[in-house]
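Reminder, nothing fancy here: chain letters follow the sequence lines and each chain counts from 1. On a predicted model such as this, the values are computed, not experimentally measured, just so you know.
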Amino acid sequence: MDKKFYVTTPIYYINDKPHIGSTYTTVAADILARSHRLRGDKTFFLTGTDENSQKSVEAAEKSGKELRVYLDEMAKIWENTWKELGLSFDDFIRTSEERHYKAVKRFWQAVEKSGDIYKDKYERHYCVGCEDFKTDSELNEDDRCPLHPNKDLELVQEENYFFKASAYKDEILQLFHNQKDFVQPPKRLNEIRSYVKNAFNDFSISRESKKVSAGIPVPGDDSQRIYVWFDALINYMSAVGYGTDDELFKKWWPANLHLVGKDIIKFHCALWPAMIMSAAKNDPLLQNEDGTPKLPEQIFAHGFFTVEGQKMSKSLGNAIDPLELAKEYPFDVIRYFFFREIQFGNDGDFNRSRIAERYQTDLANTLGNLLNRAINMSRKYFDGKVPEINSYLTQVEFLACFNMDGTNFIGEDSLTTLWQQIDEYYNTSRIDLALELIWNGTELSAWSLNGLNKFIEEVKPFKLIKENELQTAQVLYCVLEACRHVAWMIEPVMPEISKQIIYSLGQDPKSEISQNNFQNLKKWGGLEPGSDLPEPKILFPRLGE
RNA sequence: CGCGGGGUAGAGCAGUUGGCAGCUCGCCAGGCCCAUAACCUGGAGGUCGUAGGUUCAAGUCCUACCCCCGCAACCA
């Protein structure tokens, strides 16, 4: 059991500070990284900044600062934002760093050696918005870029280096065929497949140095600088030692998951594998034992946000600063909202009244109140402690006691199944489904937060206590222990809330996790009978007080 | 024939391999009293954008059509 998990976010352009769009991506990576860490996998979570773009130069000029100063300042802002939000990244790569330059150099040379870089003279239309060349067939009726019709296309006449991407077309299509989950969700695979089939041409991968002031110089040719996408993708390797630390690289590469926005799948799902296929031919570090290239395992493309139904934009002033948002709600609430409200992979709307609704119903009423009522009863009936029980009732005994049918049962036996499902969802990046399951359960099992509230209603410990203390103890223990499990189930999404739940049960999350590995944590009975229950705090105070 | 997303209950959404149409909120009527005016039960409310087609069976597959959203800049 020596599994590793290497997850990345895209590296962000830093011509402005982070907003909720980039926050969403980074939080997703954080959740998946946390879920793997919790499960004992060796985990590496990478994020960073893309600094070799011409856009950076323009932004620096606009701010009147020197490029270097500007980049340092902005990179700091990004890194600090993630830190303040409590995101658990292990490294923060900047493509202006030495290690990245070294990686790019090595990579370029490997590709060159494979004979996939050639010089060609081209007169082509270049769209500054896309940072990409456009063929005639890609232009709209007015001969403009369909994505940026208000931008004049540059007619570029120069001799550039090209990458023979088209040579890998078949191999990539084969990859899509063999590895159906290489691109997730499936609709993105369809999209990218038709792109590769129809429009996957050789890429220009350099510009003349005299025309651009940003970019890494082409190894051995200072008159050319490397096209930003060609260098940017390599960050996923440079951060784990490619070109600087072979052992480290072997430990982490290939990446298990590249998390990207739906707008950049072309680069990640087609160009990037082609680049690696090429470089791998002449770099043993990039080869599997059988000589095949070490490609990333999966690329997951998430959707975009609108804000209150409108596109996020500066002119509308609705680009939300995550740090401001974190003042309105605990950030865990935002994290919960992101992944409960929106199916991961789909577009969604960032809507304040929906956040309030989720907060009030899911978090305050269902989760917070459940915990509160269970703890209060236990404290009241059992002298401020977790009820003492000599032995646990089995499911059969339980059902007999309370005349329930199996689907209503909350307890040990149905727990294993639930955990399996939760693990599966986290493993396949279906964070939204995990949360839905925890809150709503399924038709087959009432094991859920809603189910726990029903269970209390059905068994009525507040009445039962007058007749049978032993049974009441069993019931309340069940509910409290179930809450402990819920805390661990939601830990990746709501790490702070999770801790608070564990504390409120009189346990210490740190010692729980250090004394028990994850397998133990998942077992029934981890909550110590007879331990002290502190007076409950309101986890989610009602809004608008 | 630019690219992509989408039209399912009043609102917001889910529906994987075709097999009784679900979830959250809201609404109506009850219940409970341990709890954060919270919790539980029952109910009303949908010809699944339109028109055809395939099938024993279509929200789901096929064809055509209609409508909505994003695609200057910021930007995942």
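- Comparing rC39(B), rU36(B), rA76(B) against the side chain of Phe540(A) picks out rU36(B) as the nearest.
- Considering only side-chain atoms of Glu357(A), the nucleotide from rA35(B), rC25(B), rU41(B) that sits closest is rC25(B).
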message = Between Asn468(A) and Lys463(A), does the side chain to side chain donor-acceptor pair (under 3.5 Å) criterion hold? Intermediate values first, please.
response = CA-CA 9 Å; Asn468(A) 189 331; Lys463(A) 270 193 176 163; over 6 Å; no
task = Starting from the C-alpha separation in whole Å, work towards a yes-or-no answer on side chain to side chain donor-acceptor pair (under 3.5 Å) for Ser448(A) and Asn450(A).
result = CA-CA 5 Å; Ser448(A) 67; Asn450(A) 283 336; 5.4 Å; no
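- Within the nucleic acid shown, Asp362(A) has no heavy atom closer than 4.0 Å to any nucleic acid atom.
- Here, rA29(B) and rG70(B) have their P atoms 41 Å apart, quoted to the whole Å.
- Checking the phosphate oxygens (OP1, OP2) of rU36(B), a side-chain nitrogen or oxygen of Asn372(A) falls inside 4.0 Å.
- Among Ile438(A), Ile31(A), Asp30(A), the one residue that satisfies the side chain to side chain contact (heavy atoms under 4.5 Å, CB included) test with Val493(A) is Ile31(A).
- Here, rC56(B) and rA64(B) have their P atoms 24 Å apart, quoted to the whole Å.
- Taking the six-membered ring for Trp and thresholds of 30 and 60 degrees, Trp78(A) and Trp82(A) have ring planes more than 60 degrees apart, a perpendicular arrangement.
- Distance from the side chain of Lys454(A) is smallest to rU41(B) among rU41(B), rA14(B), rU24(B).
- Separation of the His258(A) and Tyr236(A) ring centroids falls under the 6.0 Å cut-off.
- Across all strands, Lys460(A) comes closer than 4.0 Å to no nucleic acid atom at all (heavy-atom distances).
- If you take CZ of Arg352(A) and P of rC25(B), they are 22 Å apart, rounded to a whole angstrom.
- Rounded to a whole Å, the CD atom of Gln184(A) is 12 Å from the C1' atom of rU16(B).
- Here the separation of rG52(B) from rA58(B), taken at their P atoms, is 14 Å to the nearest Å.
- Going from atom CZ of Phe304(A) over to atom P of rA76(B) covers 8 Å, rounded to whole Å.
- Proximity note for Arg542(A) (side chain, C-beta onward) versus rC34(B), rA37(B), rU24(B): the nearest is rA37(B).
- Ile342(A) places its CD1 atom 21 Å from the P atom of rC23(B), with the value rounded to the nearest Å.
- Closest approach to the Asn369(A) side chain among rC39(B), rU24(B), rA76(B) is made by rC39(B) (side chain taken as heavy atoms from C-beta onward).
- With rC34(B), rA76(B), rA14(B) as the choices, the nucleotide that has an atom nearest any side-chain atom of Ile264(A) turns out to be rA76(B).
- Base pairing in RNA chain B gives the following stems of 3 or more Watson-Crick or G-U pairs, range against range and under 3.5 Å: B:2-7 with B:66-71, B:10-13 with B:22-25, B:27-31 with B:39-43, B:49-53 with B:61-65.
- Comparing the P positions of rG22(B) and rG31(B) gives an interatomic distance of 28 Å, to the nearest angstrom.
- Candidate nucleotides rC25(B), rG15(B), rA76(B) were compared by shortest atom distance to the side chain of Tyr13(A), and rA76(B) ranks first.
- Atom C1' of rG10(B) sits at a distance of 8 Å from the matching atom of rG26(B), rounded to the whole Å.
- Contact check, Lys262(A) against rG70(B): no side-chain N or O comes under 4.0 Å of OP1 or OP2.
- The side chain of Gln343(A) lies closest to rG15(B), out of rC34(B), rC25(B), rG15(B).
- Judged by distance alone, the side chain of Trp439(A) and the main-chain N or O of Ala434(A) form no donor-acceptor pair under 3.5 Å.
- Across all strands shown, Arg188(A) has heavy atoms under 4.0 Å from sugar-phosphate atoms exclusively, and none from any base.
- With distances taken from any side-chain atom of Glu191(A) to the nucleotides rG4(B), rU24(B), rU36(B), the minimum falls on rG4(B).
- The side-chain heavy atoms of Leu480(A) and Ile375(A), taken from C-beta on, include a pair separated by under 4.5 Å.
- Rounded to a whole angstrom, the distance from the C1' atom of rU17(B) to that of rG7(B) is 24 Å.
- Here the rule is ring-ring contact (aromatic ring centres under 6.0 Å, His included) with Phe337(A), and of Phe305(A), Phe331(A), Tyr24(A), Phe350(A) only Phe350(A) fits it.
- When heavy atoms are screened at a 4.0 angstrom cut-off, Gly348(A) is found touching no nucleic acid atom at all.
- Within the nucleic acid shown, Gly21(A) comes within 4.0 Å of at least one base atom, counting heavy atoms only.
- Comparing Leu539(A) and Thr366(A) against RNA chain B, the residue whose closest nucleotide sits nearer the 5' end is Leu539(A).
- Between the side chains of Asp349(A) and Thr306(A), a donor-acceptor pair is found at a separation under 3.5 Å.
- When the P atom is compared between rA57(B) and rC66(B), the two are found 29 Å apart, to the nearest whole Å.
- Mapping Glu457(A) and Ile11(A) onto RNA chain B via the closest heavy atom, the residue that lands nearer the 5' end is Glu457(A).
- Applying the 4.0 Å criterion to OP1 and OP2 of rA14(B), one finds that Asn346(A) has a side-chain N or O inside that range.
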From CA spacing to verdict: side chain to side chain contact (heavy atoms under 4.5 Å, CB included), Val7(A), Phe44(A) = CA-CA 6 Å; Val7(A) 59; Phe44(A) 193 85; over 6 Å; no
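- Straight-line distance from the CD1 atom of Ile538(A) to the P atom of rA38(B): 13 Å, rounded to whole Å.
- Classified by interplanar angle (parallel below 30°, tilted 30° to 60°, perpendicular above 60°), the ring pair Phe89(A)/Phe45(A) is perpendicular.
- Atom CG of Asp50(A) and atom C1' of rA76(B) are 13 Å apart (whole Å).
- Across all strands shown, Asp263(A) has heavy atoms under 4.0 Å from sugar-phosphate atoms exclusively, and none from any base.
- Contact annotation for Phe305(A): base contact, defined as any heavy-atom pair under 4.0 Å involving a base atom.
- Distance from the side chain of Tyr381(A) is smallest for rC34(B) among the nucleotides rG6(B), rC34(B), rC39(B).
- Not one side-chain nitrogen or oxygen of Lys463(A) sits closer than 4.0 Å to the OP1 or OP2 atom of rG31(B).
- Taking atom P on both rU60(B) and rU55(B), the two are 16 Å apart, rounded to the nearest angstrom.
- Asp432(A) has its CG atom 21 Å from the P atom of rG22(B), to the nearest Å.
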